[in-house]
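Inspection log for the structure reproduced underneath, given as structure tokens.
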There are 2 protein chains.
Amino acid sequence: MPLSVQRRREKQKAELRSELVDAAHKLVQEEGYEGLTIRKLAKRVGYAPMSVYSYFADKQDILFALAEDAFETLARRIEEHPSDDPVEALRAVMTEYAAFGLGNPNEYRTVFMTEKTRLPEGRSYEDMEEGNPAMKVLIRRVEACVAAGKLKGDPRAIATMLWTVGHGTISLLITFPFYPFGDPQAYVKRMCDFMLASLSAQDIPSLTETPLHC
Amino acid sequence: MPLSVQRRREKQKAELRSELVDAAHKLVQEEGYEGLTIRKLAKRVGYAPMSVYSYFADKQDILFALAEDAFETLARRIEEHPSDDPVEALRAVMTEYAAFGLGNPNEYRTVFMTEKTRLPEGRSYEDMEEGNPAMKVLIRRVEACVAAGKLKGDPRAIATMLWTVGHGTISLLITFPFYPFGDPQAYVKRMCDFMLASLSAQDIPSLTETPLHC
DNA sequence: GTTGGTTGCCTGACAAAGTTATATACGCTG
DNA sequence: CAGCGTATATAACTTTGTCAGGCAACCAAC
């Protein structure tokens with residue numbers, strides 16, 4: 001059966017690939033973005049440097065895989081913190097997002113703050129949203145808030161705005177650690193509370209139907 | 001007169017240093033962050049690669065100088081857009097900040113999104129705020145809004161929150177250009193309007209006196 | 001069972017990067 | 001004029017990503 005053999009091969013290949021992603025993850029976490037080199041990566045899994053190129057087109061490709069993995073991990077962490085209260089569930093998204101970023105600053109920088117001008121081959125714009133499980137769960141929890149009457153407006157627009165503020169908060173705390181933000185946790189909580197209070201007071205229109213005048 | 005001689009030397013040194021910063025600025029703008037190399041920098045000012053090390057300790061030091069320069073440029077651009085209406089003046093800060101970031105994405109990335117774990121030698125935390133003219137003008141314009149009764153709370157806290165949201169907006173637009181934000185300008189305006197409306201509805205406490213419970 | 005092609009992995013090499021060590025040349029000091 | 005220090009240049013070292021090519025094992029077919 002040639003299919004079975006091919007399947008087994010593909011599986012092995014997928015396994016080694018995810019093993020490489022895992023090693024890259026640890027490498028970034030331990031030594032930072034600049035610690036992630038092809039040679040170190042290969043040594044960690046016991047292969048020659050050039051063998052990495054059998055699984056990834058180039059270094060950018062590794063970074064994309066790392067980003068994908070990080071989004072999945074983040075989504076998993078978020079879903080470990082559910083709540084019956086839709087607002088609390090939404091707050092948990094922000095809290096976990098911040099905890100993820102502040103707990104793994106190196107990886108956060110690598111994944112969320114490095115050039116994404118090139119899309120991985122065969123990916124479209126929509127894939128970015130569809131294939132991003134963390135964004136999906138955020139939108140879902142916003143929808144729950146809208147359904148419960150706690151928020152009003154377009155869920156994707158609200159989710160995007162929350163993402164914007166969350167990202168701004170985390171990345172500033174990471175990039176300018178010496179700026180007197182006060183306690184990082186407290187600043188995250190402040191921004192989260194502020195956003196939830198402010199969003200609940202407005203009707204948020206969709207991102208596409210913004211008034212063009214002015 | 002040894003003093004005069006020494007002064008002239010210092011001046012020449014400062015001039016070449018700023019010439020190098022200028023060249024670095026152009027290099028980043030033209031070729032992006034990875035286009036900024038010591039060798040290219042030296043070639044651009046007509047010196048040998050190693051001569052750069054007479055003016056900067058290492059590459060990080062160049063990036064710090066570049067950041068300082070960018071902050072000054074940004075502050076200048078903001079102050080070219082004054083207004084009698086304090087809220088409009090504040091809005092101009094956000095607009096110019098966004099225009100700066102979206103117009104020079106390479107430099108924005110280099111200055112605002114790269115590792116700042118190490119402070120330049122002889123700088124303290126306070127210098128970061130004192131020596132940042134862009135932050136200073138932002139705080140001043142927030143103070144004007146507070147004085148006019150348009151905003152309420154601690155000016156530095158309000159300014160920091162505005163910076164957070166502005167940075168989040170710009171960096172997401174830069175890092176994930178394929179995400180369907182809609183028109184970038186419109187998204188910037190949306191976030192700006194949202195923040196000004198939301199801030200005016202609340203009394204913002206200082207960053208240090210956040211409630212510790214919960 | 002032997003043969004040929006495909007695949008996976010490795011060795012070696014190259015260019016470009018930051019940085020260190022060493023040499024040279026200019027200008028001030030005595 | 002002699003000496004010295006600073007500024008600049010040259011060469012070399014290390015590490016990086018990546019290309020070219022080689023070896024060995026496996027699969028298919030005669």
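In the text below, chain A, chain B and the rest are named by the order of the sequence lines, each starting its count at 1.
Here C:dG8 presents its C1' atom at 16 Å from CZ of A:Arg17, a figure rounded to the nearest Å. In this entry the distance linking CZ of B:Phe56 with C1' of C:dT20 reads 19 Å, nearest Å. Put simply, CG on B:Asp61 is 14 Å from C1' on C:dT19, counting in whole angstrom units. In this structure, the NZ atom of A:Lys43 is 14 Å from the P atom of C:dC10, given to the nearest Å. Separating the CD1 atom of A:Ile62 from the P atom of D:dT16 is a distance of 13 Å, rounded to the nearest angstrom. Taking atom OH of A:Tyr47 as the reference point, atom P of C:dC10 lies 7 Å away to the nearest angstrom. Across the protein-nucleic acid pair, B:Met50 atom CE and D:dC13 atom C1' stand 12 Å apart, rounded to whole Å. The separation between A:Tyr33 atom OH and D:dT16 atom P is 13 Å, rounded to whole Å.
A distance of 6.0 Å separates CZ of B:Phe112 from CG of B:Leu74, quoted to the nearest 0.5 Å. The CG atom of A:Leu90 sits 10.0 Å away from the CD1 atom of A:Ile78 when rounded to the nearest 0.5 Å.
Here the two rings, on B:Tyr33 and B:Tyr108, have centers that are 6.0 Å apart or farther.
As judged by a 4.0 angstrom heavy-atom cut-off over every strand, A:Tyr53 is placed among the base-contacting residues. Residue-level contact check: B:Leu36 touches the backbone only, with heavy atoms under 4.0 Å from sugar-phosphate atoms and none from bases.
At the phosphate of C:dG8, neither OP1 nor OP2 sits under 4.0 Å from any side-chain N or O atom of A:Ser51. OP1 or OP2 of C:dC9 sits under 4.0 Å from a side-chain N or O of A:Tyr55.
Ring pair B:Tyr187/B:Phe181 is tilted by interplanar angle, where 30° to 60° counts as tilted.
Sequence order on DNA chain C of the closest nucleotides to A:Gly46 and A:Arg39 puts A:Gly46 first from the 5' end.
Listed nucleotides: C:dG12, D:dT8, C:dG18. Nearest to the side chain of B:Ile38: C:dG18. Taking only side-chain atoms of A:Leu16, from C-beta outward, the nucleotide of D:dT18, C:dC9, D:dA9 with the closest atom is C:dC9.
The shortest distance between side-chain heavy atoms of B:His167 and B:Tyr97 falls below 4.5 Å.
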